[in-house]
Amino acid sequence: MTTCHVVFLPFIGYGHMIPMADMAVLFASHGVKTTIITTPSTAHRLTKSIQKTINYTHQIELHIIEFNTGEAGLPPVSDNPDQIDSDELLSTLIQALPTLQEPFEQFIAKSQPNCIIADMFFPWTTETAAKFNIPRIVFNGTGFFALCASHETMTLHKPNASSDSEPFIVPNIPHEIKLTRKQLPRLESEGFKVFLKVFIQSVEAEAKSYGVIVNSFYELEPEYVRHYREVIKRKAWHIGPVSICNKNVEGKLERGKKSTIDEHECLKWLKSKPSGSVIYISFGSIVKVSRSQLYEIATALEACNENFIWVIRNDEETLIPEGFEARIAAKEKGLIIKGWAPQMLILDHESVGGFMTHCGWNSVLEGVLGGVVMVAWPVMAEQFYNAKLVTDVLRIGVSIGDVEWNPASLCDGVKRASIERAVATVMGAQEGDAMRLRAQGLKEKAKGAVEEGGSSYLDLNAFVENVKSFKSKA
Ligand code: UDP
């Protein structure tokens with residue numbers, strides 16, 4: 001059997017880098033030779049993923065390339081995702097990405113892989129692939145539902161509504177999904193400006209690419225896998241949930257970066273709580289929460305009296321209401337993690353029954369894999385589509401209420417009463433039990449998809465066969 005060599009080019013943000021690293025591990029577990037090409041700071045974050053492949057036929061290789069901003073007349077750039085905390089720095093980074101093309105192509109010329117799997121933020125890799133006569137596969141970091149719904153609302157049709165808050169039905173998709181214009185990315189807003197150019201280039205490059213690879217599984221969104229392939233007519237492979245490659249505690253503990261809580265402390269706390277009794281609250285790696293919103297969440301959590309784990313960013317620490325931490329510690333009701341949480345470890349724990357999430361795609365999938373019921377609280381990016389999948393299609397969660405797309409990635413404006421209501425619904429029996437049953441069913445399907453003979457397992461093999469035969473067809 002000839003070996004297939006797949007080259008991965010991840011984007012620097014955690015929500016893109018983590019699943020691509022998991023994907024490389026999964027490919028390695030299928031006997032594929034894999035190389036991740038990346039910049040120094042991301043490379044540092046991927047060493048744990050590489051260690052996971054130590055016993056496979058081909059261990060993941062890492063090839064480091066550097067930005068060449070000086071030569072391109074651009075300012076120096078940081079590739080550390082923790083340092084990119086303003087639109088200005090993000091803009092500098094996005095402008096610098098094309099300077100990776102030259103060193104990337106030098107590696108491709110030398111190693112002659114079978115294909116390139118590159119993040120959507122590297123549209124120029126479609127050009128590279130054409131130059132070397134190999135396929136370029138796009139990784140968007142989201143699921144089929146969002147790919148289909150955004151294709152219909154942003155690329156094809158302008159939503160038909162008289163105002164920003166009047167609901168419209170997303171056209172042409174299998175379910176009747178209502179959204180408002182204020183829930184869609186505002187392409188003209190300041191906050192989107194930094195993305196607009198690369199977003200347009202990315203859409204154009206995707207249309208010319210060989211296909212897309214999706215971190216999802218068929219049983220989760222079958223109508224949308226088919227819609228994407230048959231109606232939008234793109235080649236697509238589903239190989240997820242890729243996070244499943246993290247099998248033991250160590251693997252689940254350190255994805256992206258080291259967690260700021262000791263694993264034993266976290267597990268001990270979880271173990272002390274009854275099964276399904278804890279709600280986990282996290283807004284991912286980018287969203288910021290305003291001071292007033294932190295106050296509303298804190299007071300709601302105190303009033304709900306449910307067990308909870310709440311992740312807050314380091315820079316939000318001083319914003320939580322005075323005395324809150326001491327009160328919840330005294331009641332042993334809550335655990336606050338400041339910084340980076342071991343999210344997979346938490347969601348996989350049987351004490352966790354609910355998840356209040358910003359609906360980043362990785363969080364949604366990790367919630368599905370944990371079999372938890374979700375409070376969908378989208379803030380930006382394609383999170384409003386993901387939230388609709390959770391609440392209206394899969395029916396494993398409730399919406400936090402009428403929130404709008406925020407160009408500054410700021411979570412704000414939801415009152416305590418709405419939070420209390422949503423928490424009570426997902427943790428309670430009335431509607432919660434039916435959602436829990438569906439969530440548990442999906443958890444089993446998610447696991448089965450990646451096992452030998454499952455839908456994602458087979459699609460990964462089909463993908464490998466397809467790209468292997470590309471050269472012989474060419
Ligand atoms: N994550 C984590 N600990 C945290 C915050 C995030 O492990 O404290 C991980 C999470 O498990 C997920 C990724 O970071 O894999 C975040 O991706 P997602 O798509 O959910 O959201 P984003 O951060 O891109 O908005």
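Atoms within each ligand, like the ligands themselves, are counted from 1 in listed order. Numbers here are sequence positions counted from 1.
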Fill in the blank from the handout: Residue set satisfying ring pair (Phe, Tyr, Trp, His ring centres under 6.0 Å) with Y224, at least two apart, ordered chain then number -> F145, H175

Kindly list each side-chain donor-acceptor pair under 3.5 angstrom involving residues 12-20, sequence neighbours excluded, with atom names and distances?
unit_1: Y14; atom_1: OH; unit_2: R45; atom_2: NE; d: 3.0
unit_1: Y14; atom_1: OH; unit_2: R45; atom_2: NH2; d: 3.3
unit_1: Y14; atom_1: OH; unit_2: D82; atom_2: OD1; d: 3.0
unit_1: Y14; atom_1: OH; unit_2: D82; atom_2: OD2; d: 3.1
unit_1: H16; atom_1: ND1; unit_2: D119; atom_2: OD1; d: 3.2
unit_1: H16; atom_1: ND1; unit_2: D119; atom_2: OD2; d: 2.7

Problem - Listed partners of Y457 passing ring pair (Phe, Tyr, Trp, His ring centres under 6.0 Å), at least two apart - result: H30

Practice task
Validate the cation-pi geometry between K271 and W269: distance from NZ or CZ to the six-membered ring centre under 6.0 Å, angle to the ring axis within 45°.
Solution key: no

Handout entry: Per-ligand residue contacts, ligand 1, heavy-atom threshold under 4.0 Å
Key = G15, I18, R255, G284, S285, I286, V311, G339, W340, A341, Q343, H358, G360, W361, N362, S363, E366

Handout entry: Ring-face cation contact, F308 with K333, 6.0 Å cut, 45° max
Key = no

Handout entry: Note: R229-D459 ion pair, threshold 4.0 Å (strictly below)
Key = yes

